[in-house]
Amino acid sequence: KQEVTQIPAALSVPEGENLVLNCSFTDSAIYNLQWFRQDPGKGLTSLLLIQSSQREQTSGRLNASLDKSSGRSTLYIAASQPGDSATYLCAVNTGNQFYFGTGTSLTVIP
Amino acid sequence: GAGVSQTPSNKVTEKGKYVELRCDPISGHTALYWYRQSLGQGPEFLIYFQGTGAADDSGLPNDRFFAVRPEGSVSTLKIQRTERGDSAVYLCASSQGQMNTEAFFGQGTRLTVV
């Protein structure tokens with residue numbers, strides 16, 4: 001069974017810092033990997049989708065990489081802002097379902 | 001519609017009662033997923049529809065849980081004889097249906113069983 005792990009579980013950084021969130025998965029047979037943001041009491045907002053054949057995707061200050069063979073993905077956030085404070089979840093798509101990690105709770109201190 | 005819509009946003013019910021949770025996916029999306037999220041955890045898979053049929057219901061915890069999607073758009077998750085352990089946020093997602101397409105989630109229904 002696919003297992004997804006996210007490290008660290010929580011992260012606190014001062015405003016303006018660049019940061020990296022990590023996601024690892026045990027089975028490399030995936031169609032894609034998606035990064036989501038979740039604000040307290042809210043649903044999931046899609047940030048980036050990386051297909052299994054891709055190495056990275058960029059959107060604004062966000063850059064996600066994927067190394068399928070080693071079962072790893074990273075989400076890089078440049079020049080962090082207080083508004084980036086949220087929980088970040090990665091999910092791997094195996095066809096019929098997405099497997100989620102437990103998320104990284106990010107706090108950006110003004 | 002503009003996004004995935006879930007109703008109600010909050011539901012409080014008494015133990016033993018029956019509840020229905022509704023999901024309106026993005027128009028034209030053939031794939032629909034139900035997930036359940038407990039506090040501090042990642043979402044856990046319940047069921048996946050491709051069109052009207054349940055392509056994978058392996059995540060449904062027991063036979064008290066059932067979901068339908070009769071016309072291939074709106075879906076209803078049904079929970080019979082609710083238990084306090086069913087309390088969670090129930091999330092719905094939809095995608096265009098291809099294996100490599102992006103999934104979009106609704107805001108969820110927070111179910112509390114008292």
Side-chain angles (χ1 to χ4, degrees), chain A residues 1-10 21-27 29-54 57 59 62 64 66 68 73 86-105, chain B residues 2-7 9-10 21 23-26 29-51 53-60 67 88-112:
Chain A
K1 180 187 171 183
Q2 179 77 261
E3 293 186 3
V4 180
T5 303
Q6 290 189 246
I7 295 173
L21 308 180
N22 297 289
C23 172
S24 62
F25 48 96
T26 55
D27 188 341
I30 65 170
Y31 286 92
N32 58 52
L33 182 146
Q34 204 165 339
W35 281 93
F36 294 89
R37 168 187 173 136
Q38 187 171 35
D39 292 284
K42 303 293 185 182
L44 279 63
T45 299
S46 179
L47 297 174
L48 287 165
L49 170 72
I50 312 179
Q51 303 296 349
S52 61
S53 59
Q54 296 176 319
Q57 279 287 348
S59 176
L62 306 180
L66 174 64
K68 196 175 79 161
S73 176
T87 296
Y88 291 79
L89 293 154
C90 70
V92 295
N93 180 358
T94 59
N96 284 358
Q97 60 176 283
F98 297 84
Y99 288 88
F100 283 85
T102 54
T104 294
S105 177
Chain B
V4 179
S5 176
Q6 292 188 246
T7 55
S9 55
N10 281 282
L21 311 180
C23 173
D24 280 271
I26 293 172
H29 280 192
T30 59
L32 186 145
Y33 307 82
W34 283 99
Y35 279 78
R36 178 167 71 173
Q37 186 176 27
S38 300
L39 193 63
Q41 301 298 313
E44 292 181 323
F45 172 75
L46 295 175
I47 188 169
Y48 158 59
F49 286 91
Q50 183 60 250
D56 186 345
D57 64 358
S58 62
L60 295 177
V89 175
Y90 289 80
L91 296 164
C92 176
S94 71
S95 73
Q96 288 183 335
Q98 306 303 315
M99 295 301 186
N100 58 354
T101 57
E102 190 173 7
F104 297 90
F105 278 77
Q107 293 299 296
T109 293
R110 181 176 297 280
L111 175 66
T112 303

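Within every chain, numbering begins at 1; the chains are lettered A, B, ... in the order of the sequence lines, protein sequences first and strands thereafter. Only heavy atoms go into these numbers, but all of them, side chains included; no hydrogens, no water, no symmetry mates.
For chain A, no part of B/Ala93 is nearby; none of its heavy atoms comes within less than 4.5 Å. With a 4.5 Å cut-off on non-hydrogen atoms, A/Gln38 touches chain B through its side chain but not through its backbone. Heavy atoms closer than 4.5 Å to chain A are found in the side chain of B/Gln37, but not in its backbone. Contacts of B/Ser58 with chain A are made by side-chain atoms alone, with heavy-atom separations under 4.5 Å and no backbone atom involved.
Interface summary for chain B: among A/Leu49, A/Thr102, A/Leu44, the most heavy-atom pairs under 4.5 angstrom belong to A/Leu44. Heavy-atom pairs under 4.5 Å with chain A were tallied for B/Glu44, B/Arg110, B/Gln107; the largest tally goes to B/Gln107. Your options are B/Gly106, B/Gly108, B/Ala55, B/Ala103, and the one with the most heavy-atom pairs under 4.5 Å with chain A is B/Ala103.
Between the side chains of A/Gln34 and A/Ser46, at least one donor-acceptor pair of N or O atoms lies under 3.5 Å. Side-chain atoms of B/Gln50 and B/Thr30 include a donor-acceptor pair closer than 3.5 Å.
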Could you please spell out the steps behind the ring-ring contact (aromatic ring centres under 6.0 Å, His included) verdict for A/Phe98 and B/Tyr33?
CA-CA 9 Å; A/Phe98 297 84; B/Tyr33 307 82; 5.2 Å; yes

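Within the 6.0 Å centre-distance limit, the rings of B/Phe105 and A/Phe36 are counted as a close aromatic pair.
Around CD of A/Glu3, the count of heavy atoms belonging to other residues, nucleotides or ligands within 6.0 Å does not exceed 12.
Screening A/Ile30, A/Leu66, A/Asn32 against A/Ile50 for a side chain to side chain contact (heavy atoms under 4.5 Å, CB included) leaves a single residue, A/Leu66.
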